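A short write-up of the structure that comes next.
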Amino acid sequence: MDEKNNIVQLTPMEARRRERFDRKQTATAEKMLRRVRELTHCPKALTPFLDTLSQVFVDRQDVSHPRNVPTVGTYCVMVPPELIYAQGAMPVKLCGGSYTAFAVGDDTAPRDACPLVKAVMGFEDIDAMPAYQNCALMAVPVTCDCKKKLAGWLSERRPTAVLHVPANRDRDEDMERFVRELYAFSDHLSEITGVPLTSEKLSLAFHRLAEAQTQLSRFIALRRRHPTLIRGTFAMAVMNAASYTWVPGWTRQLTRLNDELEGLAKSNTMAVKDNQPRLLLTGSPVIFPNFKLPLLIEEMGGLLAADETCMGERGLYDPPVIVDSSLNGMMRALANRATRPCTCPTFADNRRRLYRVRQMIGDYHIQGVVYHVLRGCLVYDYEYAVMEAEMERLGIPIIRVETDYNEEDVEQLRIRIEAFIELIKYGGNDT
Amino acid sequence: MNTRMKQGLAAGLLAAALALVAWFAVDIPFYTWSDPLERASLTTLRDDEALSFSYSDDAITLHGGEGANIYALTEAGLMELENGKADSLPGDCLGTLAAVKPAFRADTDGDGVAETVVDAARTDLAFTYDYDHTVHALSDDRVPFDVLYPRRGQFVFTLNGAPLASAAVTATLSDGREVAFTTDASGVSTALSINDVRGGVTFVYRPDGAHTFRLHYQIEDNTVFSLRWLKAMMPFTLILLIALVLIILDVLARRAAYRKRGLSEARARIFQPSAVRKRSHFGFEIVRWGVMLLSFAGLIWGGRLLGTTFSKVDLPVLACPYNLDQTTSAGCYWFSHITELLERPPSYLFWFLGSFVAFALLFGRMLCGFVCPLGFLQDVTHEARMALRIEGITLNERAYAVLRFIKWVMLTLFLGIGLIGGSFCDLCPAAALTPALAGFKTSLYFSGFMMIAVIVSGFFKRRCFCNICPMGYLLGLPHKASLARLKKDAVACTECGACYEACPMGIKSIFTVREGKNERAIDVTTTDCIFCGDCIRKCPEDGALYMTLAGVKLYNASRMAFLRDQAGVRKGKREKHG
């Protein structure tokens, strides 16, 4: 409905606001990238991933993609990228991590809304991010309350596809309902791109994503090496960059990174010392440029060995499983992948997240868990108690870190993280 | 009326309908061959060949019939056939023909002294139309030297009605080879293989220097890939054609229905062949297909390929025992004909129970996934659908509950209908498959319709029949003691549900079970599991699911193997942009 064209129509006040936004946004993103680059043992092959983040957040350009391919903004891992690629578009994950946008969105969203949604609303309001602006369609799965309201708010401004996500997934009907949602979404995509869904296109898209996941699995296997080959912050940058990269390109970049890491493993060049406490980051999503938590952990002498967050490893981890190669079979595979293995706490029953974290603790030799709660992200906060009880049972120390995108609490966080790392380093973990 | 009552009523009606169909199965013929006795004709040639019978499809010819008396064995004993010619055989004929020449004196052993020679020939044609191991001795003075062929690979020799114990007999095979052997204490010899006998064999027995008994024996021939074989295949071909038509109709009807209901256009195109092909990698799946192919061949042409059958062993799968050439006997027959089993000598019961227990404990339903020819057929139809990319019919919990109910009704019929005088074989779809492929003209009653249902349902839903198979269910019952096990690591499992999606048997517990004695190795084997291994193949988590046989890990879930499978498409078609 709104024709978002050019800066020309801006009032002077809007222009000032926008200039301020530009400056701040660029500065924050640049600072975060600099801090990432300053960490030791940064592999050479990491550069393209950081360049992608820089392109979108510092230079504020659109994501790179082939000509005539529209982009579709997605707001959750539950939107299957396969479907979007199959119908001739490119998915861009738009969950916002920008403090600057968050500050803008703060004026529109209620006080207790989560920073992620505030940032998204801020991006929409300020209208200065090409990667965001140029999306031909927004796909919002209704997961938590904030996303639900966001879906309504966005659909008044943009072409928006709302995907109803079942609250549970053990019953067959729940999953079948989501299959119907995906068909409706596919129809929506056809309207935008003019490309109808066919079984052949979809299977080629599956293939494309499966290649990316093959490299990701290789990457994960390399990450599990003990001592560690690559810092978790770098891994999170890799996963965040995946949101803004044409997937075959990302696969090539990751292949090169994997090759470099394998070389490092052969020459026994480890990223960090053996005795650095190995931490797992879980909870609310960590979205660039809000990298303060991973950076704090690693700047304070900890090692972010793994993450269980949806903008991190989990974003691309679960593959859709084709059991039946007909179109409907593949759609079922997508619906199944989007709901069943998902450890998002927006599902009513989510015991599987505990098992997932337990498995990761074993796989990555985890010594402590950092539980990230974005202020206002109730669902993740709900699950902290269960997670804490489970960690207590296992004798793994856990720390709950509640924060949002602003930098004001950094010093306080630094002290808490440092203490937590010291605790693991010098006792406390020998029980 | 509340829902529960309605469901109960529907279930009751369904069960009654199935029972009714089972009872009248024999009155609902799909394709019946006329009685071999009516089909068969006998012509006697007075040529110079040795006295022998030969077959050309249903026409029997007696060679060297000059001066011979020709008999048909009836319930009343040997009955002489007039003119040595018969367009149809007597109604009470037991399917055995014999010819004998009057005794004459000749020197056949080359010792220079002439002895009394009795030259005879015998043929049995009963084999190809009923599952009947009973063979009938001629028990007649006119043919003193007699040979019975009760089981493939086994001969019993009698002289004047008494077993010919420890006697030296020479057999001349159709290719001119001579085999000399000695019978055991009860006149039995197993010296000849099935293939030795197929072309006819002449037995010569010389009790002393003064007597020679010659008998040519020929069983009704059923050579594969002959005209006769093509004829025998006709009912099965008909089944395939009808199934094909039904499948096409279903696809068209569903497409129309989807369009009418206004479903997504993408969905309405339910038939979308594609140039993209999967590339398969060597692994459990290929091995399973290999074993299935081998056992399929074995259960059809095993006797022919190996030259012998293990007829005492009763393989508990639905491989139809009407095919007498299959490698082993089939346990299904005795389960569904318990009264007949009890009439047999105790050794039968011993072998039957022994082989069932041994197979159930060693492999359990692994036989369903690896050996059963009916399962193989269904896997083939499923693969055909995969290749054509036709939308299938996916079942959910409620649909599986209906199938489970049908399975119990089938089980009751399977075990019970033999007790009240019916025969499950008239209903069993397996009767349409292996006997026809082996060249046996087996009449199909309701079986034929069942087979159409098996193929059509197996096309749209993988291994649909296995879900209601009574034999498989019985085989799976003692699974707790079986050596084949399916295990799950509940911590590694992400509950992605891929195993449940992949499972042709709809075993949901494999996906939902999280608690167990040792949560890293929860036993998720159930009565329904056929060990096809698809849950493991489709499992993307390292070691989350695995299969063991006697404690040895046969197959383990691996993420990399899974992704290689998933990413592996055959090159040749590239995407346009990218």
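Worth saying up front: this structure is predicted, and the values here are computed from it rather than measured.
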Please classify the contact of [X] with chain B as side chain, backbone, both or neither, using a heavy-atom distance under 4.5 Å.
X: A/Met331; answer: neither
X: A/Met330; answer: side chain
X: A/Arg218; answer: both
X: A/Arg337; answer: neither

query: So does A/Asp324 pair up with B/Arg385, basic N to acidic O under 4.0 Å?
result: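 Yes, charged N to carboxylate O under 4.0 Å.
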
query: Does any donor atom in the side chain of A/Asn336 or B/Tyr500 lie under 3.5 Å from an acceptor atom in the other side chain?
result: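 Side-chain D/A pair, A/Asn336 to B/Tyr500: absent.
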
field: A/Arg351 CZ: over 12 foreign heavy atoms closer than 6.0 Å
entry: no

- prompt: What do you reckon, is CZ of B/Arg4 surrounded by more than 12 foreign heavy atoms closer than 6.0 Å?
  reply: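 Counting other residues, nucleotides and ligands, CZ of B/Arg4 stays at 12 neighbours or fewer.
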
In Å and rounded to the nearest 0.5 Å, what is the [atom1] to [atom2] distance from [X] to [Y]?
X: B/Arg559; Y: A/Leu216; atom1: CZ; atom2: CG; answer: 7.0 Å
X: B/Phe562; Y: A/Gln213; atom1: CZ; atom2: CD; answer: 8.0 Å
X: A/Asp172; Y: B/Lys508; atom1: CG; atom2: NZ; answer: 4.0 Å
X: A/Ser199; Y: B/Arg269; atom1: OG; atom2: CZ; answer: 9.0 Å
X: B/Glu397; Y: A/Arg171; atom1: CD; atom2: CZ; answer: 8.5 Å
X: A/Gln359; Y: B/Thr494; atom1: CD; atom2: OG1; answer: 10.0 Å

Which of B/Arg537, B/His382, B/Arg514 touches chain A most, by non-hydrogen pairs under 4.5 Å: B/Arg514

For chain A, the option from B/Arg462, B/Glu495, B/Gln272 that forms the most heavy-atom pairs under 4.5 Å: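 Most heavy-atom pairs under 4.5 Å with chain A: B/Glu495.
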
task: May I ask you to test the B/Arg267-A/Asn328 pair for a side-chain heavy-atom distance under 4.5 Å?
output: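 Heavy-atom side-chain distance check passes, below 4.5 Å.
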
Quick check against the 3.5 Å criterion: does [X] have a side-chain atom that pairs as donor or acceptor with the backbone of [Y]?
X: B/Glu501; Y: A/Ala333; result: no
X: B/Gln566; Y: A/Ala210; result: no
X: B/Arg389; Y: A/Ser325; result: yes

query: Is it the backbone or the side chain of B/Arg398 that comes under 4.5 Å from a heavy atom of chain A, or both, or neither?
result: side chain

Contact leader toward chain B among A/Met175, A/Glu176, A/Arg340, where contacts are heavy-atom pairs under 4.5 Å: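 Among the listed options, the one with the most contacts to chain B is A/Arg340.
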
- request: Heavy atoms only, distances under 4.5 angstrom: which of A/Ile322, A/Leu209, A/Asp363, A/Asn68 has the most pairs with chain B? Name it, please.
  value: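 Heavy-atom pair counts peak at A/Ile322.
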
Closest heavy-atom pair and its distance - B/Ala498, A/Val321: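 Closest approach of B/Ala498 to A/Val321, heavy atoms only: CB-CG2, 3.5 Å.
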
